[in-house]
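Here is the structure we will look at.
Every chain is numbered from 1 and lettered A, B, ... according to where its sequence line falls, protein lines coming before strand lines.
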Amino acid sequence: MSGSAAASDQIVLTLPDGNTREVPVGTLARDVVGSIGERLLRASVAVAIDGEVVDLMTPLRHSGAFVVITDKDPRALAVLRHSGAHILATAVRRLRPDAHIGFGPAIDDGFYYDFEVERPFTPEDLAAFEAEMKKVIQEKYPFVREEVSLEEARVRFAGDPLKLERLADFEGTDEVISVYTDGPFVDLCRGPHVPDTGWLKHFKLLTTAGAYWRGDVKRQMLQRIYATAFWKKDELETHLHNLEEAKKRDHRVLGKSLGLFQMFPVAPGGAFWTPKGTTLYNTIESFVRERQQEAFQEIKTPLLYNKKLWEQSGHWGKYKENMFLVLDSETGEHDMSLKPMNCPSHHVYYGSQKHSYRELPVRYVTFDVLHRNELSGALSGLTRVRQFAQDDCHVYLREDQIATEVKFLMDFILGYYDTFGLQATLKFATRPEQRIGSDELWDRAEGALRAALESTGRPYELKEGDGAFYGPKIDFDVTDSIGRAWQLGTIQLDYNAPERFDLSYTGEDNAPHRPVVIHRAVSGSFERFIAILIEHFAGAFPVWLATEQVRVIPIAIDYNDHAQAFVDRLKGLGIRATLDARNETLNYRVREGEMEKVPYMCVIGRREAEEHTVALRVRGTGKKQEILAQDAFVEQLLHDVKTRALVPMPVVAESTEEGA
RNA sequence: GCUGACGUAGCUCAAUUGGCAGAGCACCUGAUUUGUAAUCAGGCGGUUACCGGUUCGAUUCCGGUCGUCAGCUCCA
């Protein structure tokens with residue numbers, strides 16, 4: 001750090017209001033906070049020195065900006081939750097002294113702790129741990145920080161093999177080793193922590209699951225307990241409530257109740273799309289096709305390939321585990337494979353022809369079905385499947401075209417998300433440790449990508465070292481209507497593939513040149529994208545996407561013909577309209593239409609039949625019906641479908657009220 | 001793949017210590033012709049995922065298979 005402080009054994013802390021405090025090196029943070037105010041000390045959770053959060057028991061070593069963190073500060077919650085993890089471990093150790101402790105960090109929505117135990121935890125264990133935690137909390141054990149030598153640490157954790165393994169990482173480093181004690185429990189831990197266990201008031205143990213030690217499938221499986229904690233009771237309750245709400249809009253639940261798709265044990269990881277679901281799927285695919293008509297060339301390529309292709313692309317070496325291999329009955333070998341990606345086929349096709357520098361960029365796009373042999377345990381609804389289709393594009397272009405092309409693709413992608421009302425955030429990922437290509441090439445690639453990114457004026461997050469091994473990338477995360485982030489689109493520069501496939505174009509100088517490849521995906525996979533849309537809209541799709549756009553309901557038999565005529569008119573205009581003239585009460589039919597989330601219901605009775613009007617019920621607005629001329633309704637409807645308007649506004653589906 | 005939980009009618013769920021498997025909705029048949037979230041009555045429907053074991057007797061206990069779900073380093 002700055003050498004000036006070394007001369008003195010005093011450090012200078014600058015408070016947010018500009019005042020400074022000079023204290024001896026090694027002064028505890030809490031003493032500084034206490035000197036500012038007793039009440040502040042009681043409210044403080046931790047402090048930050050130049051942005052680094054440390055707890056109140058930490059001896060201060062450096063001068064810097066000194067900020068007191070109270071529970072108002074978002075960083076304080078992570079501290080509380082990390083302490084929650086220790087309290088959990090304290091309780092588990094009391095009830096299961098045989099448990100060896102692994103890691104226990106705070107995570108986005110809470111915290112977890114990993115244990116190595118003979119007998120896995122049961123839900124009953126969880127309840128017992130939660131009760132025991134309450135005792136630990138009542139005992140208000142202070143979190144005591146100590147800094148120890150490696151030797152000392154090894155003695156302390158002699159009974160904990162996992163901690164000893166972690167300690168081995170400190171060998172030969174000068175990192176400070178700290179341990180925290182709360183009552184009977186000691187943990188190797190960097191901190192920071194709240195002052196004592198009594199600070200944890202509102203928490204809940206959620207689930208238990210297996211987790212490999214250090215995430216390595218070759219290592220032993222530990223038992224992980226997930227939990228969450230908040231400062232305030234209502235925050236915890238809101239969080240738990242939100243979890244319940246999220247379950248209601250789960251695409252697997254809605255997909256079943258709305259009859260969109262089904263899975264069968266005979267085809268794990270593959271979806272059957274119902275007639276309705278197929279309508280939805282095709283509507284989205286048509287939309288993508290329409291947008292891509294101008295600037296892209298769609299091609300269809302085989303699903304099954306000889307392994308020679310995968311050897312050339314490098315998949316055979318790196319990706320074979322995830323490919324479905326097919327027995328070639330002539331050779332008796334599994335040397336054919338279903339394609340898991342479209343890139344190699346696109347490269348083969350590009351490479352089959354001579355290309356002039358004038359025709360670049362060339363953009364091939366393919367919607368073919370892809371197969372990836374995901375681990376059985378990884379399959380989940382439509383978000384993780386073995387068979388899916390992408391709106392997968394590969395652009396072949398000259399290096400000098402990168403900036404323009406990236407700008408073009410970004411606008412294309414962002415415009416797509418806008419149509420669905422999905423908020424996108426951008427991430428720019430640069431060269432990773434493991435990579436191919438010269439630094440000069442990476443400089444150029446990153447420079448071009450960054451320039452294109454910045455020309456859009458959109459904010460982005462820099463992810464250093466997170467790029468693909470063959471090139472930097474821009475990832476598009478979208479946030480859905482309940483604030484969850486999904487990684488969807490990507491723009492990846494690739495200098496590797498053109499080499500492997502010996503791709504070229506003829507330049508102005510009549511000599512062959514290497515093109516650059518850009519991988520572009522917008523929806524990710526259609527399957528997953530539709531899952532996201534189902535959850536985003538809670539099944540209440542805007543009218544252009546709705547599988548059934550209008551339902552016409554005659555009040556009595558006398559108006560059936562009239563209603564049928566209206567349905568026919570709508571159908572003739574390309575509207576997905578149905579007639580519900582069943583022998584049921586109006587209430588019954590309206591209720592069913594609402595539950596099936598049909599955007600518009602047109603009720604037709606005597607008045608409407610005579611006056612050529614419809615009594616329009618808009619999804620989710622209850623009894624506020626509107627009487628309008630059929631022509632006016634049709635005109636508005638066609639306009640909204642054509643413009644892909646986000647109407648009717650998705651109404652957050654409250655749980656269907658219990659029987660009256 | 002691994003750890004744990006789960007698998008009962010088309011759907012959502014019941015079934016006391018192992019003792020003939022039940023409800024609501026959906027579906028079918030009648031009656032009812034309805035003005036904005038469930039009209040009434042009757043009926044059909046299950047090899048309790050599958051295979052094996054223990055038992056006089058298994059939805060229930062045990063083992064295996066298949067599937068579903070929660071997870072599988074957001075650095076002590």
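Among residues two or more places apart in sequence or in another chain, the ring-ring contact (aromatic ring centres under 6.0 Å, His included) test is passed with Phe157(A) by none. Residues forming a side chain to side chain contact (heavy atoms under 4.5 Å, CB included) with Asp477(A) (at least two apart in sequence, or on another chain): Thr425(A), Lys427(A), Gln487(A). Applying the salt bridge (charged side-chain N to carboxylate O under 4.0 Å, His left out) test to Arg372(A) and every residue at least two apart in sequence or in another chain returns nothing. Residues that satisfy the ring-ring contact (aromatic ring centres under 6.0 Å, His included) test with Tyr113(A), not counting sequence neighbours, are Phe115(A). Applying the salt bridge (charged side-chain N to carboxylate O under 4.0 Å, His left out) rule to Arg528(A) yields no partners; only residues at least two apart in sequence or on another chain are considered. By the salt bridge (charged side-chain N to carboxylate O under 4.0 Å, His left out) test, Glu118(A) is found to be paired with no residue, residues two or more places apart in sequence or in another chain being considered. With sequence neighbours excluded, the residues satisfying salt bridge (charged side-chain N to carboxylate O under 4.0 Å, His left out) with Glu132(A) are Arg94(A), Lys135(A).
Contacts of residues 622-630 of chain A with RNA chain B (heavy atom under 4.0 Å): Lys623(A), Gln625(A).
In terms of polar N and O atoms assigned as donor or acceptor, the side chain of Tyr212(A) never comes within less than 3.5 Å of the base of G71(B) in a complementary pairing.
Applying the ring pair (Phe, Tyr, Trp, His ring centres under 6.0 Å) test to every pair with at least one member in residues 593-618 of chain A, sequence neighbours left out, gives these pairs: His562(A)-His612(A), Tyr600(A)-Phe633(A).
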Pull out every protein N or O sitting under 3.5 Å from an N or O of nucleotides 5-12 of chain B, one pair per line with the distance.
| unit_1 | atom_1 | unit_2 | atom_2 | d |
| --- | --- | --- | --- | --- |
| U12(B) | OP1 | Lys256(A) | NZ | 3.3 |

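For the pair Tyr588(A) and A26(B), the criterion of a side-chain N or O lying under 4.0 Å from OP1 or OP2 is met.
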What pairs of donor and acceptor atoms, side-chain ones from residues 460-467 of chain A against any protein atom, are under 3.5 angstrom apart with sequence neighbours left out?
| unit_1 | atom_1 | unit_2 | atom_2 | d |
| --- | --- | --- | --- | --- |
| Tyr460(A) | OH | Arg450(A) | NH1 | 3.3 |
| Tyr460(A) | OH | Glu454(A) | OE2 | 2.7 |
| Glu464(A) | OE1 | Thr430(A) | OG1 | 3.4 |

For RNA chain B, the dot-bracket notation using Watson-Crick and G-U wobble pairs below 3.5 Å, [ ] for pseudoknot-type crossings and | for other-strand pairs, is (((((((..((((.....[..)))).(((((.......))))).....(((((..]....))))))))))))....
